[in-house]
Amino acid sequence: MLLKRFRAIGAAASISSAIVVLGGAHPRRVLQGSAYEVEVARISLTDIDTQISDIQAVHNNVPFEVIADLVWAEDVFVESSSNVLTYEMTIDGKVEDTGMVDLNDARSLPSVISCGVATMASSGTHTVGVTVKVDDLQTGNQREYQSFAAGASFTPLIIVLLFASTTQMVELALGLGIFIGACMCAGSLTQGFRDMLDIYILQALADVDHGYVYLFILFMAGLVGLMEKSGGLLGITEALKGYVKTSRSAQGASFLAGCIIFFDDYANCLVAGYSMRPLADACGMSREKLAFIVDATAAPIASIVPISSWVGFEIGLIQEEVNKVYSLYDSPSVSESGFSVFLETIKYRYYCVFLLFFISLNIISGRDFGPMLIAERAVRVYGRTDGGDGGMRAADGQVLQSHNSPPADLPKKWWNLVFPVVMLIVYIFYLLAWTGKDPSDPNQSFVNVMENANAYQALLWGTMGAALTAVGFYFLQDYKDGKILWFNLKGWINRANRGSQKYRQNFRRGQLESMRTTEEDEKTHSRVLMGYEQAMSSFILGMEKIFGALVVLTLAWASGAIMKAVGLNRLFGAIITNPALNYQFLPTLSFVISVLIALATGTSWGTMTIMFPLIVVPSYEASNGDSNIFYGVIAGILAGAVAGDHASPISDTTILGAMASECMLINHVKTQAPYAVMVAIWSVLVGTLPSGRGTFGNGICALLGFLAMAFHAFVTAAPAINKSGRYDVFTELYLLITGNKDHYLVALKEMTKEVFETGDPKTLDDEEEILKEQGEEVELWMYEATSNSAVDATDQVEQESAIEYTLGESTKLTEALAVEESAVEYTTRESTTSAISA
């Protein structure tokens with residue numbers, strides 16, 4: 001009842017505040033003897049249950065508030081007027097509400113008014129109209145909305161998940177989801193198609209914050225291109241081979257890199273993914289496992305560290321709700337400082353804490369389960385050093401090939417990767433502090449500086465600065481005979497002289513021969529590690545590789561906007577604000593709903609923005625000021641947003657983690673999802689539920705979570721290579737249910753036994769031999785494939801024979817022509833001799 005009463009008070013307050021002055025507090029301006037001129041510029045709807053404004057589509061039988069934006073010709077009061085504005089709100093021509101606004105009660109003319117509350121009972125197109133009248137002036141506006149059942153909001157999400165899992169084409173799945181959602185909001189296929197392009201995709205591109213992300217990613221990819229061309233990527237692999245020799249040690253190094261770059265999730269994904277990929281490949285680690293570690297150490301760490309690009313955003317949301325609590329209640333039981341509340345919530349963020357537990361134990365155990373185990377085993381069994389089948393593919397489906405490899409005789413040194421990465425971290429960290437510093441506050445704390453920092457600017461400027469620094473660093477190095485020459489002043493002077501000589505020779509005779517001699521002489525001298533021409537081409541080649549990922553990222557942002565447009569966020573919000581709920585379940589419910597919203601929209605920050613005003617203050621009211629519930633609800637929102645974002649195929653960090661690791665997005669999602677779901681389930685069972693009900697304290701929850709993660713890491717999981725070839729519990733159960741009909745898994749299991757016994761990796765031919773023994777259907781498939789191969793081979797032999805015959809005939813013809821030419825030449829010579837004799 002208390003929660004319901006709070007919602008009623010909040011709704012009434014919002015309506016009242018919309019009616020009164022929204023324009024400024026300047027003195028009233030009065031005009032004599034003139035009439036008002038006003039128009040209804042725009043109509044928008046606000047959902048009553050969740051207070052989400054400017055909704056694009058309506059759910060059947062769900063109340064909404066109609067808001068009208070007014071534009072006045074002049075912001076002046078007419079003394080001779082009645083100063084009474086009346087309005088009429090209609091749905092499909094039927095009057096739903098009327099009212100009046102006394103202009104004398106306001107210090108300035110209202111720019112926004114509430115025109116009443118209404119519902120739509122049936123699906124289809126409905127017209128919302130607002131008419132206002134002042135004295136003899138009457139004006140109005142109307143807008144069409146689509147209405148459908150609340151459950152229909154799941155349609156775009158189902159389309160995305162269904163097509164992504166069946167076609168393995170994320171771009172197609174996201175495009176279809178956007179198109180279906182746009183058609184639902186527009187009411188027609190043609191208008192939906194136009195809105196998909198003109199509104200949702202175009203707005204995803206035009207968003208300023210998205211523009212920062214585009215440029216940051218492009219500059220980061222260009223920096224990686226520079227490091228690759230300099231030999232730094234190969235150099236770090238060679239340097240660490242003596243220390244990091246196994247897949248387990250490579251996983252540990254990747255996890256450590258993710259922990260070091262704690263201050264931003266984007267920087268974490270890109271820097272850790274790009275820098276650790278060559279080492280992971282060399283150690284026989286699958287791209288799926290690398291992408292999981294990179295993704296799992298990004299947002300989960302950045303969201304709980306008090307010094308990061310996340311903390312300012314999180315504390316801002318918290319402080320806003322704390323201020324509401326202090327304005328409504330006397331002597332609240334929670335801290336007045338948003339930062340203090342932030343620190344209190346860290347121990348309640350069970351998903352982030354449990355996930356870090358699991359990654360550490362998973363690396364120590366060397367075991368995996370589900371699709372991740374299959375990916376790891378396939379790499380180990382075949383002895384692959386290219387990351388396995390999960391590696392990113394080119395547009396034609398082939399393995400992605402680098403066209404930016406360093407010269408063969410260039411020394412591959414580790415410092416050509418480490419120095420730019422260190423400078424990148426230093427630049428970003430410094431710029432975070434610089435953009436957050438307040439010159440007017442000499443006593444500003446470092447935490448406050450990080451709260452106010454502009455992460456987008458710091459990432460953009462820092463990345464470009466690191467790229468320019470790397471170019472200068474590479475220019476200081478020459479190489480000759482496999483050695484690096486630092487500050488080779490003599491080499492620079494000689495190079496300048498040779499360049500001047502080459503330029504002069506271009507204007508002389510014998511240009512071609514002189515240039516050839518100059519090129520041969522160049523090989524005998526030292527050469528710069530990377531000149532400006534190589535730097536520019538490498539930077540551009542690095543950016544070319546991530547174009548496909550940027551397409552997916554754009555579609556993911558547009559897809560998130562579609563999920564909000566069809567009202568999926570409102571559907572979840574209505575569930576969580578149900579007044580019949582026991583307040584002790586609010587931490588759990590806030591976590592679960594946040595997971596679902598973030599999973600559907602692909603944005604953790606967007607989820608937090610939706611959830612905080614929806615539940616934080618009502619939960620304080622419903623729990624009678626219980627601080628544990630208050631902290632638990634806030635932690636549930638923050639952790640749930642991270643969990644849903646972590647598992648979402650349209651999340652920006654999911655896409656960036658896969659891109660930086662050069663892993664296929666669909667492979668990354670399907671191997672990571674079981675781990676994310678497992679950690680989320682245990683976060684509820686031994687985290688939010690018992691802590692919300694007060695069953696036991698937070699320390700016991702953390703201990704139980706650690707034990708649960710250890711159970712999955714050491715008991716339910718299985719090693720990639722083992723004596724019996726067994727899979728994990730879940731995969732073995734799948735094979736048992738299906739009657740071992742998955743012949744690939746059965747064949748991989750048999751080869752795992754052989755690899756364990758012999759220690760030698762297998763080949764694809766060995767797999768085919770085992771598949772031949774897996775039943776008639778497989779034998780028939782293999783026979784058909786073999787037959788087709790035999791036919792193709794026969795055709796190829798025949799073609800080669802035909803080519804050989806043609807070449808033979810051509811040779812004979814050439815010989816005949818040569819004989820004929822010799823005869824002609826002989827006849828001509830004899831004729832000439834006879835003529836001379838005569």
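Residues Tyr427 and Thr463 have side chains that never bring a donor and an acceptor to within less than 3.5 angstrom of each other. Using modelled atom types and a 3.5 Å distance limit, the side chains of Asn362 and Lys289 yield a donor-acceptor pair. Counting only N and O atoms by type, the side chains of His646 and Tyr351 include a donor and acceptor under 3.5 Å apart. The closest side-chain donor-acceptor pair between Ser247 and Gln251 falls under 3.5 angstrom. Side chains of Thr385 and Asp281: no donor on one and acceptor on the other come within 3.5 Å.
In this structure, Leu290 and Arg277 approach most closely via the heavy-atom pair CD2-CA, 3.6 Å.
For Tyr532 and Phe475, the distance between ring centers is not under 6.0 angstrom.
Between Phe419 and Phe473, the angle of the ring planes stays under 30°, which puts this pair in the parallel group of the 30/60° scheme. Using the six-membered ring where Trp is involved, Trp415 and Trp486 have ring planes that are tilted, between 30° and 60° apart.
In this structure, the side chains of Asp728 and Asp368 stay at 4.5 Å or more apart for every pair of heavy atoms. Within the 4.5 Å cutoff, no side-chain heavy atoms of Ser249 are placed close to those of Tyr243. You'll find the side chain of Arg377 reaches within 4.5 Å of the side chain of Leu748, heavy atoms only. Contact check for Tyr474 versus Lys229: no side-chain heavy atoms found under the 4.5 Å cut-off. Counting only heavy atoms from C-beta outward, the side chains of Val642 and Leu355 never approach each other to under 4.5 Å. Side-chain contact between Ser286 and Arg380 is absent, with no heavy atoms from C-beta onward closer than 4.5 Å. Using a 4.5 Å heavy-atom threshold, the side chains of Trp461 and Phe219 count as separate.
Of the inter-residue distances, the one linking Lys245 atom NZ with Leu279 atom CG reads 13.0 Å to the nearest 0.5 angstrom. To the nearest 0.5 Å, atom CG of residue Leu226 and atom CG of residue Leu223 are 6.0 Å apart. Atom NE2 in His210 sits 4.5 Å away from atom CH2 in Trp557 (nearest 0.5 Å).
Here Asp389 pairs with Arg384 in a salt bridge; the nearest charged N to carboxylate O distance falls below 4.0 Å. The pair Arg349-Glu314 meets the salt-bridge criterion, since a charged nitrogen lies less than 4.0 angstrom from a carboxylate oxygen.
Between the side chain of Ser538 and the backbone N or O of Ala535, no donor-acceptor pair lies under 3.5 Å. Of the possible donor and acceptor atoms, one in the side chain of Ser651 sits under 3.5 Å from a partner among the backbone N and O of Asp645. Side chain of Arg287 to main chain of Glu662: a donor-acceptor pair is present (N/O by atom type, distance under 3.5 Å, no hydrogens or angles). A donor-acceptor distance shorter than 3.5 angstrom exists from the side chain of Asn722 to the backbone of Pro719, with no hydrogens or angles considered.
Enclosure of atom OH in Tyr430 is not indicated, since only 12 or fewer non-hydrogen atoms of other residues, nucleotides or ligands lie within 6.0 angstrom.
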